[in-house]
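Presented below is the structure to which this report refers.
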Amino acid sequence: MTANLIDAHHHLWDLDVRDQPWLTGPDLAPLRRSFLAADFADAAGPAGVVSSVVVQTVTDPDETPELLATAEDSPLILGVVGWTDLTAPDAADRLARLRAGRGGDRLVGIRHQVQGEPDPDWLTRPDVLRGLAAVAAAGLVYDLVVTAGQLPAATRAAAAVPDLRFVLDHLGKPPIASGQLEPWACAVRDLAALPNTVCKLSGMVTEADWHHWTPAGLRPYADTVLDAFGPDRVMFGSDWPVCTLAASYDEVVATAGELTAALTEAERRSVFAGTAADVYGL
């Protein structure tokens with residue numbers, strides 16, 4: 001695959017420090033334990049991962065400083081996509097404080113759980129657009145965790161803040177389990193038409209049937225984003241440990257390799273390392 005694999009999307013949490021309120025119901029029971037930096041290293045190291053980006057999971061202002069401190073102590077974690085309240089009038093000051101704190105040089109982006117917002121146009125609210133402009137001014141990127149139905153609003157937001165690089169997590173959550181492509185494919189192509197957008201090849205196995213997914217079932221979705229964005233605007237992410245609901249770390253890496261096997265070696269280097277290094281400044 002590549003000798004220098006970068007995992008552009010994984011998570012960490014310590015349930016002794018903070019609850020993860022989204023871990024509810026029997027299906028998510030396997031995730032209801034702590035996943036620490038050492039656990040990630042044990043999973044990712046054998047797969048050839050040399051660096052990574054850890055991504056926030058909760059809308060808690062204390063989580064991001066903790067992730068930054070963890071990253072500073074980790075030889076693998078070179079970037080943190082954290083959280084701050086984009087709607088706050090002092091969003092720029094909050095970002096500056098994060099950058100000035102311990103591990104602040106590892107802050108590479110911001111994310112909000114837009115997928116949980118009841119307003120499908122949340123990203124285009126004036127207060128949110130002001131916050132996104134502050135993210136751009138801080139030299140950071142913005143990770144989009146949205147449902148397929150929220151992709152049109154994401155496209156309008158990306159057009160409204162052209163100086164900000166938007167990174168689409170998990171392909172925009174296409175309905176892989178049902179096998180449907182449209183209207184997701186059309187919406188993701190509209191987003192990809194904007195030059196300030198990038199996509200993560202991540203999160204596919206958990207959008208599919210957890211127990212019966214196959215690489216062939218994922219291929220139409222991977223092919224859509226690779227064609228729409230181009231390999232130089234696509235980056236690999238494991239979505240560990242969430243991915244373990246459906247696949248092991250090694251299986252996720254191997255599947256991504258299979259889905260990109262038709263690319264040139266240079267294009268594969270972009271997907272598995274170069275795009276993440278460029279976008280996040282690793």
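On a predicted model such as this, the values are computed, not experimentally measured, just so you know.
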Practice problem: Kindly indicate whether the side chain of Tyr142, heavy atoms from C-beta on, has any atom under 4.5 Å from the side chain of Val81. | Solution: no

For Thr87, the side chain to side chain contact (heavy atoms under 4.5 Å, CB included) test, sequence neighbours excluded, returns Asp85, Trp122, Arg125, Asp127, Val128

Show, in sequence, the C-alpha distance, side-chain angles and deciding distance for Ile176 and Trp213, and conclude whether the side chain to side chain contact (heavy atoms under 4.5 Å, CB included) test is met. CA-CA 9 Å; Ile176 299 175; Trp213 67 270; over 6 Å; no

Practice prompt. May I ask you to decide if Leu171's main-chain N or O and Trp184's side chain share a donor-acceptor pair within less than 3.5 Å?
Written response: yes

Evaluate the side-chain proximity of Ser202 to Phe236: yes if any heavy-atom separation is below 4.5 Å, no if none is.
no

Given side chains that start at C-beta, do those of Leu168 and Thr197 come closer than 4.5 Å, heavy atoms only?
no

query: Between His9 and His170, is any pair of side-chain heavy atoms under 4.5 Å apart?
result: yes

Q) Any side-chain heavy atom of Asp14 within less than 4.5 Å of one from Leu12? A) no

Next on the checklist: Between the side chains of Asp239 and Lys200, is the shortest nitrogen-to-carboxylate-oxygen separation below 4.0 Å, so that they form an ion pair?
Outcome noted: no

### Query
Does the side chain of Thr70 reach to within under 4.5 Å of the side chain of Arg106, using non-hydrogen atoms?
no

dist Leu245:CG -> Thr206:OG1 (nearest 0.5 Å) comes out at 7.0 Å

Hey, can you tell me if His10 and Phe40 have their rings parallel, tilted or perpendicular (30° and 60° cut-offs)? parallel

Heavy-atom closest pair (Pro30 atom, Phe35 atom, distance to 0.1 Å) is O-CZ, 4.0 Å

Polar side-chain atom of Ser74 near backbone of Leu76 as donor-acceptor pair, under 3.5 Å:
yes

